Q: 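Here it is, the structure in full.
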There are 2 protein chains.
Amino acid sequence: MFDQYKNRFPIDEKQWNDYISCFQRIEVPAKTTLLKEGEISKKLLLIEKGCIRVWFNNNGKDVTFQFFFENNTVASIESFIKKFPSPVFIETIEPSVLWRMHKKDVDRIMAEIKEIPVLRDLLINSVFDRTFDYMKHFLSFIKDTPTQRYLNLLQEKPQIIRRIPQHYIASYLGITTVHLSRIKSKLAKEKK
Amino acid sequence: MFDQYKNRFPIDEKQWNDYISCFQRIEVPAKTTLLKEGEISKKLLLIEKGCIRVWFNNNGKDVTFQFFFENNTVASIESFIKKFPSPVFIETIEPSVLWRMHKKDVDRIMAEIKEIPVLRDLLINSVFDRTFDYMKHFLSFIKDTPTQRYLNLLQEKPQIIRRIPQHYIASYLGITTVHLSRIKSKLAKEKK
DNA sequence: TGCATTTAATAACAAATGTTATCGCCAGAC
DNA sequence: GTCTGGCGATAACATTTGTTATTAAATGCA
């Protein structure tokens, strides 16, 4: 799992082994809740196999707002960083193999790598990138119709369409399952 | 303009004067374009007085997606950081007094303050905060109705409602001016 | 295998939102 | 002052999207 990353970072063997030994491997079935709303997130997750969705309860309605796949790291980021009660649930969609690291180890490693300029910039850039990602997704809600959002998703994140049940995709796009179904059938007709 | 910030940062007088001398004061009338779509953003703006909107052209439609007021800093952040052509226009709404700093000075100061742990963490946190802000705004598009979004805005950012022309607010909320007008009149009726 | 559960498609109707057009108000230009 | 253009409200109608209910197909499990 970790060898693929090994040579990307300018740290020595000993430090590397120290870091990866903080991860604990777990296997969980589909639909396993990994973090509940209201809990304070104390673990960072890295996905080896499977997928995860982040969702929250909006007046009884299940609203999904992010998906994560192999090699993604997952946490309720606000809760993890600021120690707030998590506003969201985190749950597996497929049976998954995950690596878990406790917050105290993450904090220690973060503090250490902040002293290494290359890694520090990498960290800052990754936060910027996540910000840009949100901006982009957000913009598409202002400027695009649901049909266009679906087409964007199909083009930019096809594995979401392939692997995720449709009712989760619908709430991710901000529409109902019925409407998503209509969009798909309309697109299929136009193609003919 | 800058004295209010002076004692917040652990840097000496000389450095402080060096930093603020990089700002150049300009006065511009309402509806002045400060950055055009397609240009590469080379200046950071700080608002002393007035307000600014960031918008883009979506197939001929003017879509506003951010507002900035006194003491905010403004840039097309993707363009400024990554040197991409800006996807957005930046333009004043009211006659404004602005302070402008060239990117090369910003970069130099950023590089310097990254070596000062307190400021470095401040920088990283401010990027996190901006990310959280986007997440929050984005979530409200998935979970809330336009009416609820308008009420949120009224409560959380009342100066947007007070100072910004309604058609900009409408596109910021992702609806038409007609619909925003309907929402307002419906709310006024319910209040009675 | 067969049964229960989940998932997706569709129809009929309701509600929300967009489009286009018109009117009136008001601030700024002259 | 008067005129003009920008702004906001409203109406009538069109379109999109949601709601509820039904059915069928796919999937997981005993």
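Everything numeric here is computed off the predicted structure, so don't read it as measured data. Lettering of chains follows the sequences in order, A, B, ..., and the numbering in each one begins at 1.
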Q: Check whether any side-chain nitrogen or oxygen of A:K184 sits under 4.0 Å from OP1 or OP2 of C:dA8, and answer yes or no.
A: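 Negative; the distance criterion is not met.
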Q: Please state whether the phosphate of D:dA9, meaning OP1 or OP2, lies under 4.0 angstrom from any side-chain nitrogen or oxygen of B:S185.
A: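 For D:dA9, neither OP1 nor OP2 has a side-chain N or O of B:S185 closer than 4.0 Å.
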Q: With axes from five pairs an end, tell me the bend angle of the helix from C:dT1-D:dA30 to C:dC30-D:dG1, nearest 10°.
A: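 If I round to tens, the end axes sit 40° apart.
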Q: More 5' along DNA chain D: B:R182 or B:K31, using each one's nearest nucleotide?
A: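 Closer to the 5' end of DNA chain D: B:K31.
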Q: Under 4.0 Å, counting only non-hydrogen atoms across every strand here, what does A:I175 touch: a base, just sugar-phosphate, or nothing?
A: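 It contacts sugar-phosphate atoms only.
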Q: Quick check on C:dA8: is either OP1 or OP2 less than 4.0 Å from any side-chain nitrogen or oxygen of A:H167?
A: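 It does, given that an N or O in the side chain of A:H167 lies less than 4.0 Å from OP1 or OP2 of C:dA8.
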Q: Taking the nucleotide of DNA chain D with the closest heavy atom to each, which residue, B:V178 or B:Y168, is nearer the 5' end?
A: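 Looking at DNA chain D, the more 5' nearest nucleotide goes with B:Y168.
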Q: Have a look at A:H137 and tell me which of A:F67, A:Y172, A:F65, A:F132 forms a ring pair (Phe, Tyr, Trp, His ring centres under 6.0 Å) with it.
A: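 The residue from A:F67, A:Y172, A:F65, A:F132 that satisfies ring pair (Phe, Tyr, Trp, His ring centres under 6.0 Å) with A:H137 turns out to be A:Y172.
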Q: Taking atom CD of B:Q155 as the centre, does the number of heavy atoms from other residues, nucleotides or ligands within less than 6.0 Å exceed 12?
A: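 Open: at most 12 neighbouring heavy atoms sit under 6.0 Å from CD of B:Q155.
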Q: In this structure, is the centre-to-centre distance between the rings of B:F2 and B:Y19 below 6.0 Å?
A: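 No, too far apart.
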Q: Around atom NZ of B:K42, are there more than 12 heavy atoms of other residues, nucleotides or ligands at under 6.0 Å?
A: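 It does not: B:K42 NZ has 12 such atoms or fewer within range.
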Q: Check this one for me: any side-chain N or O of A:Q166 less than 4.0 Å away from OP1 or OP2 of C:dA9?
A: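 Yes, such a contact exists.
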Q: Quick check on D:dT19: is either OP1 or OP2 less than 4.0 Å from any side-chain nitrogen or oxygen of A:K61?
A: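 True: A:K61 side-chain N/O within range (under 4.0 Å) of D:dT19 OP1/OP2.
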